[in-house]
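All heavy atoms count here, side chains included; hydrogens, waters and symmetry mates do not. Below, chains carry the letters A, B, ... as their sequence lines are ordered, and counting in each starts from 1.
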Number of protein chains: 2
Amino acid sequence: MVSTLTREETREAILDATDYLLARYGYRKMTVDDIAQEAGIGKGTIYLHFASKEEVTLSHVDRIVERLKERLWAIARTNADVAIRLRLMLVARVLFRFDSVQHYTQSLNDLLAALRPKLLARRARYFEEEARVFAEVLGEGKRAGAFNVKDALSTAFALLHATNSLLPYSLSTTELGERDEIKEKTEQIADLILSGLLRQRDAPATTTTATRPPRRRR
Amino acid sequence: MVSTLTREETREAILDATDYLLARYGYRKMTVDDIAQEAGIGKGTIYLHFASKEEVTLSHVDRIVERLKERLWAIARTNADVAIRLRLMLVARVLFRFDSVQHYTQSLNDLLAALRPKLLARRARYFEEEARVFAEVLGEGKRAGAFNVKDALSTAFALLHATNSLLPYSLSTTELGERDEIKEKTEQIADLILSGLLRQRDAPATTTTATRPPRRRR
DNA sequence: TTATGACTGAAAGGCGTTTTTAGTCATAGG
DNA sequence: CCTATGACTAAAAACGCCTTTCAGTCATAA
């Protein structure tokens, strides 16, 4: 029987099924047969798209990070003041992770237990990809003379590191508190750092830096 | 047989033995009999000092944090410029943790697997105690007019959070890189934040803030 | 009054058997 | 001829049962 779906659609259907089952049963209890059934395809078909159950799951994680990046870009492309954009991006990043963890609560420990080495191997890549979005905005602020930044990319890394301890990579390490509390802390750190980045002439205003003459990007 | 050691010395001997055995065998493989033998006392004696094997181990962790606090205080009491002290303290804190993890490499996963809930319960306390030392220095900088700080304690929390993702709480989450690399990143973050804390009149100098007229503490 | 180590119940560690499941591949369908 | 499928298989996980280990106790010794 020829499927009515395109190759890409089938792939997405598999990942959607994975998302549902992972959140519901966790990695260990989710079987490849389950995925096939949930996606409404044969088991063998999954192996035409992915090399293994591991690969399916890792691709699913990749997709999540991809969506985070899209959200960050959406903010980065705004015409708000660069400082405000950065602040919003930092908060969005932390809250996105928070919500993800919330969504996969039960399954996260399970997932980490099974795929920790593979996930660690990818973490550096994720981190770098996210940092690039931040670097873009930092670079823009630098060129506009708003930011006192030497190397945009390494400053971006420092920025992400600074808020990283707030985002719960794993329930096992970080028991997550209230969403609002995490948001507040992120904002606090963001302000602390941003006040250092802002050039002196802008500095007086501490927290609520006013919107500056907009510069359109892209 | 009456021991030749004071109560306090016995307690320390037990913790020393724990330190040795934990680093060598890890939590699960370390038996209470081992501890007694290593400390040169009877098994029952351990239960005159601690309620359980767990308690022994947690007290051992407490002692490590206590030592970190002492090291932080040692720097805090220096008469160097407040900004430099803060920078040194941040680096010292991260490297202290790094070295601890290095020392207990094998045992850490084991320890976390067994005592994670209990350790998480204490983490907030540890964090707060360390923050107090930082707040002390921040407060001093504020009074001296060097720092632009509202609430010293909450700024201290933000500072610690900002470098927290660099310190390997658990090998399971964070594969640790090179010591030098971690040191460098910490310094970078510290500088980023400190440049925001420094009052405008001081700001021009970015990285190597010169030593200021010393103010003795304590 | 303090220290000890033999003792005990509960939990961890084998281990052989049964069940589950990831991944394959011969076959069916278009 | 090319894609999708699900029965099949080898490997791993789960289970049940027995043995050993060990945290914590307590009667006795110093």
Side-chain angles (χ1 to χ4, degrees), chain A residues 1-18 20-22 24-61 107 109-118, chain B residues 1-18 20-22 24-61 107 109-118:
Chain A
M1 181 179 63
V2 162
S3 168
T4 173
L5 299 173
T6 70
R7 192 173 166 76
E8 187 52 38
E9 282 170 342
T10 305
R11 191 190 138 94
E12 287 296 309
I14 294 170
L15 293 182
D16 287 344
T18 305
Y20 171 73
L21 292 166
L22 216 49
R24 187 169 171 135
Y25 300 122
Y27 182 76
R28 281 176 355 147
K29 292 285 184 190
M30 169 183 76
T31 71
V32 177
D33 286 287
D34 286 343
I35 299 177
Q37 189 176 23
E38 179 68 28
I41 56 174
K43 184 180 181 179
T45 309
I46 290 176
Y47 288 90
L48 298 175
H49 289 263
F50 301 97
S52 62
K53 181 187 172 186
E54 268 193 14
E55 267 311 313
V56 175
T57 312
L58 290 171
S59 298
H60 165 247
V61 176
S107 70
N109 283 312
D110 207 28
L111 192 67
L112 281 165
L115 301 186
R116 179 162 283 141
K118 306 274 169 120
Chain B
M1 179 180 63
V2 165
S3 171
T4 172
L5 299 173
T6 69
R7 190 172 168 79
E8 188 52 37
E9 283 168 340
T10 305
R11 191 191 139 93
E12 287 295 309
I14 294 170
L15 293 182
D16 288 344
T18 305
Y20 171 74
L21 292 167
L22 216 49
R24 186 166 173 142
Y25 300 121
Y27 182 76
R28 280 172 2 142
K29 292 283 185 192
M30 168 183 78
T31 70
V32 177
D33 287 285
D34 285 344
I35 299 175
Q37 189 175 24
E38 179 67 28
I41 58 175
K43 185 181 182 178
T45 308
I46 291 176
Y47 288 89
L48 297 175
H49 289 262
F50 302 95
S52 63
K53 182 188 172 187
E54 270 193 13
E55 266 311 312
V56 175
T57 311
L58 290 170
S59 298
H60 165 247
V61 176
S107 68
N109 283 314
D110 207 28
L111 191 67
L112 282 166
L115 301 187
R116 177 163 284 140
K118 306 274 170 124

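Checking C:dA3, D:dA14, D:dA23 against the side-chain heavy atoms of B:Asp33 singles out D:dA23 as nearest. Of the candidates D:dA14, D:dA4, C:dA22, the closest approach to any side-chain atom of A:Lys53 belongs to C:dA22. Closest approach to the B:Lys43 side chain among D:dA4, C:dA6, C:dT4 is made by C:dA6 (side chain taken as heavy atoms from C-beta onward).
Under a 3.5 Å cut-off, the side chain of A:Lys29 and the backbone N or O of A:Arg24 do not form any donor-acceptor pair.
A straight line from CD1 of B:Ile35 to C1' of D:dA23 spans 11 Å, rounded to a whole angstrom. Between the CD atom of A:Glu9 and the P atom of D:dA4 there is a distance of 13 Å, given to the nearest Å. Taking atom CG on B:Leu48 and atom C1' on D:dT25, their separation rounds to 12 Å, with Å as the unit. Following rounding to the nearest Å, B:Tyr47 (OH) and D:dC22 (P) show an atom-to-atom distance of 12 Å. C:dG13 atom P lies 7 Å from atom NZ of B:Lys29, rounded to whole Å. As a whole-Å value, the separation of B:Asp34 CG from D:dC22 P is 8 Å. The CD1-P distance, from A:Ile46 to C:dT24, rounds to 13 Å in whole Å. Note: CD1 (A:Ile14) to P (C:dA22) measures 14 Å, nearest angstrom.
In terms of position on DNA chain C, the residue among A:Ala51 and B:His49 whose nearest nucleotide sits closer to the 5' end is B:His49. Nearer the 5' end of DNA chain D, as judged by each residue's closest nucleotide, is the contact made by A:Gly40, out of A:Gly40 and A:Arg28.
Results of the side-chain contact (heavy atoms from CB on, under 4.5 Å) test with A:Ile46 over A:Thr10, A:Ile35, A:Asp33 single out A:Ile35 as the only residue that passes.
Distances shorter than 4.0 Å separate some side-chain N or O of B:Thr45 from OP1 or OP2 on C:dT4.
Within a 6.0 Å radius of CD in B:Gln37, no more than 12 heavy atoms belonging to other residues, nucleotides or ligands are found.
Shown here are the salt bridge (Lys or Arg N to Asp or Glu O under 4.0 Å) partners of B:Asp34, two or more places apart in sequence or in another chain: there are none. Shown here are the salt bridge (Lys or Arg N to Asp or Glu O under 4.0 Å) partners of A:Glu55, two or more places apart in sequence or in another chain: A:Arg122.
In this structure, A:Thr31 reaches the sugar-phosphate backbone alone: every heavy-atom distance under 4.0 Å involves primed, P, OP1 or OP2 atoms, never a base.
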